Number of protein chains: 2
Amino acid sequence: MHFTRPLAKLIEEFQKFPGVGPKSAQRMAFHILSLSSENVHGLASAIVDAKDRVKHCSRCFHYSAQDPCEICASDRRDRHTICVVAEPRDLIALERTREYKGSYHVLTGLISPMEGKGPEQLSIRELIHRVDSEEVKEVILAISPTVEGDATVLYLNHLLKPLGIKVTRIAFGLPVGGDLEYADDVTLSRAMEGRREI
Amino acid sequence: MHFTRPLAKLIEEFQKFPGVGPKSAQRMAFHILSLSSENVHGLASAIVDAKDRVKHCSRCFHYSAQDPCEICASDRRDRHTICVVAEPRDLIALERTREYKGSYHVLTGLISPMEGKGPEQLSIRELIHRVDSEEVKEVILAISPTVEGDATVLYLNHLLKPLGIKVTRIAFGLPVGGDLEYADDVTLSRAMEGRREI
């Protein structure tokens with residue numbers, strides 16, 4: 001036993017973080033000990049505060065401390081377009097581009113029979129309800145081209161198409177700055193498939 | 001502004017950790033939100049608890065929740081040998097080898113004029129006092145071969161030698177499993193210097 005009890009406990013807690021191994025956990029714990037008592041209490045209350053106050057927006061299911069969330073409550077957002085993403089982190093990535101001005105819908109996951117996750121565990125019913133009641137004109141599926149992503153897109157398209165709205169999916173192809181020679185086969189096939197007249 | 005207030009605050013707190021950038025901080029914050037409320041409170045109290053309870057051992061200056069620390073209090077440790085290290089993490093690394101059975105002394109840093117750190121900011125006076133009062137036979141300097149490390153070793157040797165005890169420094173050379181061809185010049189010089197009869 002190398003660590004004194006409270007330190008060992010803290011290292012153990014940090015090791016539960018994604019991508020944090022024993023060495024990083026130890027470094028994080030030593031960082032805590034090097035902080036002032038005030039800063040440590042600040043960190044602890046930021047953790048508890050985030051957990052207690054941040055919930056899902058009841059309309060788009062994004063993380064938010066208010067309901068509806070900042071994006072849903074904004075009147076500068078186009079409510080006729082809904083961009084559907086799997087997770088809040090995908091929404092954050094799209095927001096970073098500052099290009100999209102519509103609203104969002106977070107599915108809180110993807111259909112994955114392997115993980116026992118079916119459509120009823122996602123916020124799909126709520127999405128259909130929004131499309132029905134909010135005069136939506138276009139639903140953009142910003143969902144990754146993985147097995148689970150493709151299955152979810154198929155399922156959503158099947159439900160959304162009969163509602164008479166435009167359903168689109170974001171483009172897949174060569175990343176900007178990417179080299180054709182080093183692109184994998186599937187990406188190249190998708191890029192050919194998605195070709196556009198110039 | 002992409003993140004709701006309490007979440008942005010938490011991400012900001014995590015970014016202060018060593019080696020944690022914006023992406024990792026975001027992943028850590030999302031991990032917090034995915035935990036149960038009980039686990040989050042457990043983590044927060046582990047943080048506060050470690051900070052409040054872990055102090056420096058008054059004898060060897062290692063992190064400890066008790067005073068003297070577990071190592072100083074153990075009667076299976078040889079008190080006639082003191083291994084001097086710069087930081088608690090160095091002590092941890094040595095303890096992991098399970099080879100050394102003596103006691104330790106943590107300097108809490110190295111002499112570094114560049115950072116304005118002089119001998120009086122380290123626990124050097126306490127080390128000399130221990131050597132004087134505890135019948136110490138050998139002091140092992142387990143200090144890295146950096147500019148600061150070498151300066152600290154010179155300074156300590158100057159103080160310790162007149163006390164009539166054996167002062168040694170850990171060996172530097174090729175790491176086990178290391179390839180001579182790829183070793184840097186300084187390491188090779190040190191390895192030659194430290195050669196031993198076989």
Side-chain angles (χ1 to χ4, degrees), chain A residues 1-14 16-20 23-24 26-37 39-57 62-66 69-71 87-89 91-96 98, chain B residues 1-14 16-20 23-24 26-37 39-57 62-66 69-71 87-89 91-96 98:
Chain A
M1 146 72 184
H2 310 135
F3 295 105
T4 190
R5 257 321 277 140
L7 192 55
K9 172 93 184 96
L10 182 58
I11 292 172
E12 198 182 287
E13 287 285 339
F14 280 140
K16 294 180 192 161
F17 279 67
V20 174
K23 276 277 173 97
S24 308
Q26 184 186 314
R27 203 167 54 212
M28 287 163 72
F30 281 6
H31 169 72
I32 296 290
L33 297 183
S34 74
L35 294 175
S36 72
S37 194
N39 284 341
V40 170
H41 282 83
L43 169 65
S45 65
I47 289 172
V48 170
D49 210 41
K51 178 64 192 173
D52 288 352
R53 289 178 51 203
V54 178
K55 308 286 173 201
H56 287 287
C57 167
H62 183 40
Y63 284 139
S64 180
Q66 57 179 75
C69 72
E70 289 88 343
I71 296 172
E87 299 285 355
R89 60 172 170 266
L91 187 161
I92 299 293
L94 286 165
E95 278 296 279
R96 223 163 19 224
R98 297 174 186 274
Chain B
M1 149 67 182
H2 309 136
F3 295 103
T4 192
R5 253 326 275 140
L7 193 54
K9 172 93 184 97
L10 183 58
I11 292 172
E12 198 181 286
E13 287 285 341
F14 280 140
K16 294 180 194 161
F17 279 69
V20 174
K23 277 276 173 98
S24 307
Q26 183 186 314
R27 203 166 57 211
M28 286 162 72
F30 281 6
H31 168 73
I32 297 290
L33 297 184
S34 74
L35 294 175
S36 71
S37 193
N39 285 341
V40 170
H41 281 84
L43 169 65
S45 64
I47 289 172
V48 171
D49 209 41
K51 178 63 192 174
D52 287 351
R53 290 178 50 203
V54 178
K55 308 286 171 203
H56 286 288
C57 167
H62 183 38
Y63 284 139
S64 180
Q66 58 180 74
C69 73
E70 289 88 342
I71 296 173
E87 299 286 354
R89 60 172 170 268
L91 187 160
I92 299 292
L94 286 166
E95 278 296 278
R96 223 164 19 224
R98 297 174 185 276

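A quick note: this is a predicted structure, and the numbers were derived from the prediction, not measured. Lettering follows sequence order; numbering is per chain, from 1. Below, all heavy atoms of this structure are taken into account, side chains as well, without hydrogens, waters or symmetry copies.
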Practice task
May I ask you to decide if the ring planes of B:Phe14 and A:Phe17 are parallel, tilted or perpendicular, using 30° and 60° as cut-offs?
Solution key: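 The arrangement is perpendicular - the two ring planes meet at more than 60°.
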
Handout entry: A:Gln26 versus chain B, the contacting section by heavy-atom distance below 4.5 Å
Key =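 Side chain of A:Gln26 only, per the 4.5 Å heavy-atom cut-off to chain B.
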
Completion exercise
If one checks every heavy atom of A:Leu35 against chain B at 4.5 Å, the contacting part turns out to be backbone

In Å, rounded to the nearest 0.5 Å, how long is the span from [atom1] of [X] to [atom2] of [Y]?
X: A:Met28; Y: B:Met28; atom1: CE; atom2: CE; answer: 3.5 Å
X: A:Glu70; Y: B:Thr4; atom1: CD; atom2: OG1; answer: 4.0 Å
X: B:Asn39; Y: A:Lys51; atom1: CG; atom2: NZ; answer: 9.0 Å

Practice task
Return the option, out of A:His41, A:Glu87, A:Glu12, with the maximum number of heavy-atom pairs under 4.5 Å with chain B.
Solution key: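 Between A:His41, A:Glu87, A:Glu12, the count favours A:His41.
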
Heavy-atom pair count under 4.5 Å with chain A, highest-scoring of [options]:
options: B:Asp49, B:Leu33, B:Leu10, B:Val20; answer: B:Leu33
options: B:Pro88, B:Ser37, B:Pro18; answer: B:Pro18
options: B:Arg96, B:Arg27, B:Lys16; answer: B:Arg96

Practice task
Pick one of side chain, backbone, both or neither for B:Arg89, based on which atoms fall under 4.5 Å of a heavy atom in chain A.
Solution key: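 It is both, since atoms from each part get that close.
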
Handout entry: Minimum heavy-atom distance B:Ile47-A:Val40, with the two atoms named
Key =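 So the minimum-distance heavy-atom pair works out to CG2-CG1, 3.6 Å.
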
